[in-house]
K.L.:
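The following block contains the structure, expressed as structure tokens.
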Amino acid sequence: MGYYLNTAAVADTYSREYHSPYFVDKSLLLEQLMGRVETSTNYVCITRPRRFGKSVMANMIAAFFSGAGDAEAVFDGLKIAASDLYKDYAGKYDVAFISFNELPRKCTSYEQYIERIENRLLEDLQRAYPKAGIQKEDAVWDAFSAVYHAYGSKRFIFVLDEWDFIFHRDFVTLKDRKEYIDFLSNLLKGKAYVSLAYMTGILPIAKYSSGSELNMFLEYTMASEEMYSDDFGFTEEEVDDLYERFLKNQPNPRVDRDGLRLWYDGYHTKQGERVYNPRSVVAALTNNNLGNYWTSAGPYDEIFYYIEHNTAKVRDDLAKLVSEIPVCANVQEYAATSMNLTTKDEIFSAMVVYGFLSYEKGCVRIPNKELMDHFRDMLVKEPALGYVHQLAKISDRMLRATFENDTAVMSEILEFAHNTEVPLLNYNNETDLAAVVNLVYLAARDTYRVEREDKCGTGYVDFIFYPQADLKADGMILELKVNDTPKNALQQIKDKKYALKFEGKLGEEPKYLGRILGVGIGYDKKTKIHSCRIEVLRNKKNFP
């Protein structure tokens, strides 16, 4: 066992994952890969955003095929053990597992980076296959070929994790990128010693391999290919199962199932199946807390990084997105490989690839509260976003005025929003007015779950604000009217019994204990005047 060849580290890492309380069995992916070993379709590249389980699956694949460590103790208890092919493939191959996100100490150049990988591969092969006569100055592909010939057509499975990591390093030049692509091509393409090559990353390889260097790979992205879509991210059914485990393990659960959906759902496979961010779901259940677990790993994880040179191109669409209005886009995933993003479609393509936006049926949207919080933070701190920034900044004041029943300030803020030259909001109907409301109440998303068109009482309400952190805080029901009065909006709230949503199921104690406010907002298209009215629909409940 060496640095990369048949290393027990992958089995140990996957074993820890297997023994975690919120492990999800995705081992049936192995059955699909078995069918590709030593065929003409044995080059597979899976691309997904960060935090979608790519490295977990890479460790699983390497541990399974190599049998390194105590792999049988894990895989005998997984779904794959029931496969007819299980015994034929488990532990039967030499596996070269390379995690490309590892840098040598004080690495400042591509040469240092790639030499470390080459030297370690050569040391592994020299140690494991002394009869091959490998020399330290040999190219690694020549060394693998020497093993193939000296050891009776010896073949290998290659598992290459985070293949595109090096493209995110500041010290890597365009020339270095080409050399790296040539390295992968020389190592893998057309080589008899390759039984299977499985590669993961964020960026699709098409742009970098514009010629024929890596055209042997079949690529599987979230947006364009259905195959393998169940293997990355958590499905609705899997999150249901995890939540049942959580309830059994946690004596004082503070996470509810709807909260998991609101915070971490929102991604989709090509066929429209819902997909949750797996890392965030596990973190929330482990910590017994719905929170933001989208950690930043550098500039590529900052939303403003993609739009800072082209804010005018996407500013209006950002206003729509934070107002929960989908935006049509021509997503080309390879556009993310260039950070010289000049068009709106390229900017949104990059944000889809990195997981900031989801893509479905030709439109992009902000997938969930976890990402909405990041968008909101960007809008508040970036003056370059113009009117969107101004409306986001004023949203704290709007929320405060609402709970203080200061309708004069509320109307003033709505007038400001209307006069800020917001091009997408023409106030032709209540949908346009709803978009304005979303923007001026953006701050509410910090402490409230905001839902639109929620089924309440005997009808549907425009907006309902559920307290999240403090269930004793005030809740709010908001109804909008164009060419009508806020008084009539409030009357609809009462007639339709929208406040029942806060009372819980029959026979249960109410979950929300604070006041429930009814908020009516009207807009007169003729006079161009906003008016607001607030009533207390329910006073605070008694609580210990």
K.L.:
Taking C-beta and beyond as the side chain, do Thr286 and Gln250 meet within less than 4.5 Å on heavy atoms?
P.N.:
no

K.L.:
Hey, does the side chain of Asn59 reach the backbone of Thr13 with a donor-acceptor pair shorter than 3.5 angstrom?
P.N.:
no

K.L.:
With distance as the sole criterion, is a donor-acceptor pair present between the side chains of Thr447 and Gln468 under 3.5 Å?
P.N.:
no

K.L.:
Give a yes or no on whether the backbone of Gly266 and the side-chain of His268 come within a donor-acceptor separation of less than 3.5 Å.
P.N.:
yes

K.L.:
What class does the angle between the rings of Tyr306 and Tyr354 fall in, given that below 30° is parallel, 30 to 60° is tilted and above 60° is perpendicular?
P.N.:
tilted

K.L.:
Does the pair Tyr193 and Phe158 meet the rule for a side-chain contact (heavy atoms from CB on, under 4.5 Å), with working shown?
P.N.:
CA-CA 10 Å; Tyr193 55 74; Phe158 290 81; 3.8 Å; yes

K.L.:
Whether the Lys189 and Asn215 side chains hold a donor-acceptor pair (N or O, under 3.5 Å, no angle test) is what I'd like checked.
P.N.:
yes

K.L.:
Just verifying a value: how many Å separate Arg279 CZ and Trp294 CH2, rounded to the nearest 0.5 Å?
P.N.:
10.0 Å

K.L.:
So Phe100 and Tyr113, would you call those rings parallel, tilted or perpendicular, with 30° and 60° as cut-offs?
P.N.:
tilted

K.L.:
Output all residues satisfying side-chain contact (heavy atoms from CB on, under 4.5 Å) with Ala90, sequence neighbours left out; order by chain, then residue number.
P.N.:
Phe64, Tyr86

K.L.:
Does Asp164 reach the main-chain N or O of Ile202 with its side chain, forming a donor-acceptor pair under 3.5 Å?
P.N.:
yes

K.L.:
Checking Gln32 against Met227 for the side-chain contact (heavy atoms from CB on, under 4.5 Å) test, could you report, in this order, the C-alpha distance in whole Å, the side-chain angles of both residues, the deciding distance, and whether it holds?
P.N.:
CA-CA 10 Å; Gln32 299 182 65; Met227 186 173 287; 3.7 Å; yes

K.L.:
Taking Tyr4's backbone N and O only, do any of them form a donor-acceptor pair with Thr7's side chain (distance below 3.5 Å, no angle check)?
P.N.:
no

K.L.:
Could you walk me through whether Asn277 and Arg50 pass side chain to side chain donor-acceptor pair (under 3.5 Å), step by step?
P.N.:
CA-CA 9 Å; Asn277 181 320; Arg50 288 191 179 99; over 6 Å; no

K.L.:
Strictly distance-based, threshold 3.5 Å: is any side-chain N or O of Ser323 a donor or acceptor partner for the main-chain N or O of Ile325?
P.N.:
no

K.L.:
Walk me through whether Phe375 and Ile303 qualify under side-chain contact (heavy atoms from CB on, under 4.5 Å).
P.N.:
CA-CA 7 Å; Phe375 274 87; Ile303 298 171; 3.5 Å; yes

K.L.:
If we only count heavy atoms from C-beta on, is the Phe502 to Ile477 side-chain gap below 4.5 Å?
P.N.:
yes

K.L.:
Taking all non-hydrogen atoms of both residues, which atom of Phe232 and which atom of Lys26 are closest, and how far apart?
P.N.:
N-NZ, 4.4 Å

K.L.:
Just by distance, with hydrogens left out, do Ser55 and Asp161 show a side-chain donor and acceptor under 3.5 Å apart?
P.N.:
yes

K.L.:
Do Arg449's NZ or CZ and the ring of Tyr466 fall within the cation-pi criteria of under 6.0 Å and 45°?
P.N.:
yes

K.L.:
Report, as yes or no, whether the 6.0 Å neighbourhood of atom CG on Asp88 holds more than 12 heavy atoms from other residues, nucleotides or ligands.
P.N.:
yes

K.L.:
Given the rule in the side-chain contact (heavy atoms from CB on, under 4.5 Å) test, do Leu379 and Val322 qualify, once you have shown the distances and angles that lead to the verdict?
P.N.:
CA-CA 9 Å; Leu379 298 186; Val322 297; 3.5 Å; yes

K.L.:
In terms of relative ring orientation, are Tyr264 and Tyr293 parallel, tilted or perpendicular, with 30° and 60° separating the classes?
P.N.:
tilted

K.L.:
Please name the pair of heavy atoms, one in Ser280 and one in Glu370, separated by the smallest distance, quoted to 0.1 Å.
P.N.:
OG-OE2, 2.9 Å

K.L.:
Is Asp265 paired with Arg274 through a side-chain N to carboxylate O contact shorter than 4.0 Å?
P.N.:
yes

K.L.:
Does any part of the side chain of Tyr198, heavy atoms only, come nearer than 4.5 Å to the side chain of Met57, both counted from C-beta?
P.N.:
yes

K.L.:
Check step by step if salt bridge (charged side-chain N to carboxylate O under 4.0 Å, His left out) holds for Lys511 and Asp256.
P.N.:
CA-CA 12 Å; Lys511 178 179 179 181; Asp256 61 35; 2.9 Å; yes

K.L.:
Salt bridge between Arg245 and Asp241, side-chain N to carboxylate O under 4.0 Å?
P.N.:
yes

K.L.:
Measure the shortest side-chain to side-chain distance between Ile117 and Glu102 over non-hydrogen atoms and say whether it is less than 4.5 angstrom.
P.N.:
no

K.L.:
Once you round to the nearest 0.5 Å, how far does CE of Met351 lie from OG of Ser349?
P.N.:
11.0 Å

K.L.:
Going from CE on Met216 to OG1 on Thr41, what distance comes out if it is rounded to the nearest 0.5 angstrom?
P.N.:
13.5 Å

K.L.:
Any salt bridge linking Arg445 with Asp373? Criterion: basic side-chain nitrogen under 4.0 Å from a carboxylate oxygen.
P.N.:
no

K.L.:
Between Asp446 and Lys369, does any NZ, NE, NH1 or NH2 come within less than 4.0 Å of an OD or OE carboxylate oxygen?
P.N.:
no

K.L.:
Between Arg254 and Asn287, is there a side-chain donor-acceptor contact under 3.5 Å, judged purely by atom types and distance?
P.N.:
no

K.L.:
With a 3.5 Å distance limit and no angle check, can you tell me whether Asn6 reaches the backbone of Ser66 through a side-chain donor-acceptor pair?
P.N.:
no

K.L.:
Between Thr235 and Tyr276, is there a side-chain donor-acceptor contact under 3.5 Å, judged purely by atom types and distance?
P.N.:
no

K.L.:
Do the rings of Phe23 and Tyr14 sit parallel, tilted or perpendicular, given the 30° and 60° boundaries?
P.N.:
perpendicular

K.L.:
Counting N and O atoms only, with roles assigned by atom type, does the side chain of Ser395 sit under 3.5 Å from a partner on the main chain of Tyr441, one being a donor and the other an acceptor?
P.N.:
no

K.L.:
Judged by atom type as modelled, is there a donor-acceptor pair below 3.5 Å linking the side chain of Asp474 to the main-chain atoms of Gly514?
P.N.:
no

K.L.:
Which heavy atom of Cys363 sits nearest a heavy atom of Pro326, and at what distance?
P.N.:
CB-CB, 3.9 Å

K.L.:
With sequence neighbours excluded, what pairs up with Asn42 under the side-chain contact (heavy atoms from CB on, under 4.5 Å) test?
P.N.:
Thr39, Val194, Leu196

K.L.:
Could you report the tightest heavy-atom contact between Leu184 and Met199, atom names first, then the distance?
P.N.:
CD1-SD, 4.5 Å

K.L.:
In Å, rounded to the nearest 0.5 Å, how long is the span from CG of Leu371 to CD1 of Ile366?
P.N.:
7.5 Å

K.L.:
Would you call the rings of Phe167 and Tyr180 parallel, tilted or perpendicular if under 30° counts as parallel and over 60° as perpendicular?
P.N.:
perpendicular

K.L.:
Has Tyr267 got a side-chain atom pairing as donor or acceptor with Gly355's backbone, closer than 3.5 angstrom?
P.N.:
yes

K.L.:
Does the side chain of Glu324 reach to within under 4.5 Å of the side chain of Arg365, using non-hydrogen atoms?
P.N.:
no

K.L.:
Can you find a heavy atom in the side chain of Val331 that is under 4.5 Å from one in the side chain of Val364?
P.N.:
yes

K.L.:
With a 4.5 Å limit on heavy-atom distance, are the side chains of Leu218 and Tyr220 in contact?
P.N.:
yes

K.L.:
Between Glu503 and Tyr512, is there a side-chain donor-acceptor contact under 3.5 Å, judged purely by atom types and distance?
P.N.:
no

K.L.:
Salt bridge (charged side-chain N to carboxylate O under 4.0 Å, His left out), that's the test. Do Glu479 and Lys496 meet it? Break it down for me.
P.N.:
CA-CA 11 Å; Glu479 187 69 25; Lys496 297 286 187 178; over 6 Å; no

K.L.:
Please report the closest heavy-atom contact between Glu31 and Ile80, naming both atoms and the distance.
P.N.:
N-CD1, 3.6 Å

K.L.:
Flag the pair Leu321 / Leu357 as yes when at least one side-chain heavy-atom distance between them is below 4.5 Å, and no otherwise.
P.N.:
yes

K.L.:
Can you tell me how far apart NZ (Lys540) and NZ (Lys472) are? Round to the nearest 0.5 Å.
P.N.:
9.0 Å

K.L.:
Is a side-chain N or O of Ser195 found less than 3.5 angstrom from the main chain of Glu38, in a donor-acceptor match?
P.N.:
no

K.L.:
Taking all heavy atoms of Trp163 and all of Cys45, pick out the closest pair and write down the distance.
P.N.:
NE1-SG, 4.4 Å

K.L.:
Roughly how far apart are Leu29 CG and Asp231 CG, rounded to 0.5 Å?
P.N.:
4.5 Å

